[in-house]
Amino acid sequence: MRVVLAEDLALLRDGLTRLLEAFEFEVVEAVDNGPALLPALIRHRPDVAVVDVRLPPTFTDEGLQAAIAARGQVPGLPVLVLSQHVEPLYARELLSDRNGGVGYLLKDRISNVAQFIDAVRRVADGGTAMDPEVVSQLLARREPLAGLTAREREVLGEMAEGRSNAAIAATLFITEKAVSKHINNIFTKLGMPPSDDDNRRVLAVLTYLNA
Amino acid sequence: METRSWARDGLRAVGGGAGTAGLAITNLLLVAVALVALVLIPVPFLGLALLPWVMTLVRKRADLERRLAARAGIAIARPYRPRPERALPGGWRRFRWIVTDPATWRDLAWLVPGAVVGLALGLLAVAVPLYGVEGISLLPLWLYLSVDWYGYGFFWPIENLPQALLSLPQGVLFLAIGLTAAPLLLRVNALFTRLFLAPTKAAELRLRVAQLTVTRADTVDAQAAELRRIERDLHDGAQARLVSLGMTIGLAEELLERDPAAARRLLIEAREVSSTALLELRNLVRGIHPPVLAERGLDGAVRALAMSLPMPIAVELDLPGRPETPVESAAYFAVAEALANVVRHSRAGSARVSIRYAGGLLALVVSDDGRGGADPSRGTGLRGIQRRLAAFDGTMTVSSPPGGPTVVMMELPCVLSSPKTSPSSGTA
């Protein structure tokens with residue numbers, strides 16, 4: 001799988017490259033600043049982009065802005081955004097085009113290599129990978145989730161992080177059938193009519209990002 | 001609509017004129033009392049006590065006049081020096097404080113001319129409209145009483161019916177002039193008052209220096225306390241964890257050959273410790289200067305803050321640009337502290353943050369629908385906000401009646417830089 005990488009710190013850039021290549025990703029370009037990112041994404045159309053939020057020259061949220069702009073031009077371009085801190089605000093902006101293939105993780109998560117690589121693969125496959133910290137901040141809020149049971153909230157949290165039904169079943173020690181029952185209840189309670197569209201998972205996450 | 005507000009302002013000013021004239025008479029009483037106090041200064045015990053006491057009365061009278069002037073649209077600051085510590089009633093310190101303050105003598109100097117001008121302008125403000133009313137009501141009175149020596153306006157005495165009829169429009173004219181002039185007369189009186197009762201340039205500077213000294217001391221204290229807190233958090237938290245991390249990895253290195261399973265366990269532990277250290281550093285950074293504030297300014301930071309709190313919070317922002325970084329930071333932490341209070345104490349179901357910029361003033365309002373009863377003199381959080389804002393000449397007022405709602409209003413004078421350039425702030 002082809003990867004475009006954007007990270008301004010050389011130490012982390014080399015580390016990430018080494019790590020991705022160890023898991024048989026091909027880093028086709030690694031940029032170290034914001035302005036170079038968008039053209040690189042458009043040129044290579046990678047299977048997944050791994051992008052730091054804060055990049056030179058302004059050291060604000062250039063990586064995020066470039067990722068959003070790239071997804072504007074190449075709909076559904078898979079982007080995994082890494083950050084030293086996570087804000088639901090940024091997660092909402094990333095997901096606002098209602099396409100999958102989005103991840104937003106704390107840089108800390110890289111240290112758990114297996115989980116990190118799993119997240120990169122999930123995003124490349126068009127899924128989502130939200131940081132547990134964002135998810136827990138969202139679950140702490142009350143209103144749109146008031147109707148959900150404790151178990152449904154747990155399932156929603158796992159789902160928001162981007163896990164599959166099988167993975168959720170394994171984490172919560174319940175059957176996959178139970179998981180899909182919970183998920184259907186959640187969709188009903190959040191007012192999403194049944195459809196084959198897999199993006200309902202994204203929409204469910206978006207529902208509380210927008211709350 | 002406009003006519004009504006003109007008439008209301010006029011009538012209010014006429015009332016103010018009556019008040020001004022009445023108060024002017026108390027000036028003369030105060031002059032008499034002050035003279036007695038001055039004469040009695042050499043009398044042992046009595047002298048030191050009497051003059052400060054009289055001057056307190058005079059200052060109250062002057063303060064009242066300043067308030068009236070403020071209502072007429074002329075702001076007059078209090079020029080008095082702060083009371084020294086351990087200034088007991090009847091004591092030497094208190095006496096010296098009163099006597100050496102130039103504002104004391106300017107107050108005394110104002111009493112007589114203030115009385116004359118106040119009386120004259122106040123009576124004029126009342127008399128002209130009253131004369132107008134008289135003209136309007138003259139006709140029935142004249143017809144009824146048929147006095148022949150009496151007149152009005154240009155007709156004196158009134159000799160026939162047309163002249164009596166003409167007194168009505170004249171009365172209306174006088175009333176209109178009176179109502180228009182009354183606010184102006186009060187303003188002139190306020191301007192005259194300002195000549196005496198406003199601080200002189202020197203006094204103004206002295207007040208400003210005193211205020212700056214206090215806020216600077218507060219700021220320096222707060223900064224020092226903040227640095228100590230950061231130092232302690234780093235020392236006890238992240239630093240200690242990194243040391244233990246090094247030890248764990250070192251041990252794993254040793255065990256790698258002999259007991260790979262144990263080495264693996266240690267490495268997992270090391271990874272967890274590194275995550276915790278990062279978490280602590282992140283919280284610390286957020287406490288010093290939230291990254292989202294650096295990245296998105298007040299707008300994004302307050303929205304992000306509102307999203308992270310366990311309560312629906314409506315955010316309304318109208319900012320054409322960004323304030324200077326220190327002001328922005330102070331504004332953010334003030335809002336954050338106010339919201340933290342809402343979450344902690346108010347038992348509110350929802351809250352609202354409104355941030356506006358107009359006329360060189362950044363206005364921050366945090367309100368909730370909670371139980372009220374917040375008191376800045378007791379809460380350290382609210383005091384902290386006050387001190388934080390005072391460093392930038394900002395102010396905070398709290399309205400929180402028991403039963404709620406609580407409204408915290410904060411104002412910060414500042415200038416905004418160029419309009420924001422962030423391309424995506426309205427993606428939702």
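Here is the naming used below: chain letters follow the sequence lines, and residue numbers restart at 1 for every chain. All values below come from the heavy atoms of this structure, side chains included, with hydrogens, waters and symmetry mates left out. Since this is a predicted model, take the numbers as computed values, not measurements.
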Does a sphere of radius 6.0 Å around [atom1] in [X] hold more than 12 heavy atoms from other residues, nucleotides or ligands, not counting ones at 6.0 Å or beyond?
{"X": "A/Q115", "atom1": "CD", "answer": "no"}
{"X": "B/R264", "atom1": "CZ", "answer": "no"}
{"X": "B/R347", "atom1": "CZ", "answer": "no"}
{"X": "B/R352", "atom1": "CZ", "answer": "no"}
{"X": "B/E324", "atom1": "CD", "answer": "no"}

With only heavy atoms counted, which part of [X] is less than 4.5 Å from chain B, the side chain, the backbone, both or neither?
{"X": "A/E133", "result": "side chain"}
{"X": "A/D97", "result": "neither"}
{"X": "A/V86", "result": "backbone"}

Working to the nearest 0.5 angstrom, can you tell me the gap between [X] [atom1] and [Y] [atom2]?
{"X": "B/R303", "Y": "A/R92", "atom1": "CZ", "atom2": "CZ", "answer": "8.0 Å"}
{"X": "B/E295", "Y": "A/R54", "atom1": "CD", "atom2": "CZ", "answer": "4.5 Å"}
{"X": "A/I110", "Y": "B/S275", "atom1": "CD1", "atom2": "OG", "answer": "11.0 Å"}
{"X": "B/L278", "Y": "A/K107", "atom1": "CG", "atom2": "NZ", "answer": "10.5 Å"}
{"X": "B/R296", "Y": "A/T60", "atom1": "CZ", "atom2": "OG1", "answer": "8.0 Å"}
{"X": "B/R271", "Y": "A/D108", "atom1": "CZ", "atom2": "CG", "answer": "11.5 Å"}

message: Please give me the minimum heavy-atom distance between A/H85 and B/V292, naming the atom from each residue.
response: CE1-N, 3.9 Å
query: For A/L89 and B/A304, which heavy atoms make the closest approach, and how far apart are they?
result: CD2-CB, 4.2 Å
query: Could you go step by step and tell me if A/E87 and B/R282 meet the salt bridge (Lys or Arg N to Asp or Glu O under 4.0 Å) rule?
result: CA-CA 12 Å; A/E87 300 287 348; B/R282 199 158 49 236; over 6 Å; no
task: Identify which part of B/L279 has an atom lying under 4.5 Å from any heavy atom of chain A, answering side chain, backbone, both or neither.
output: both
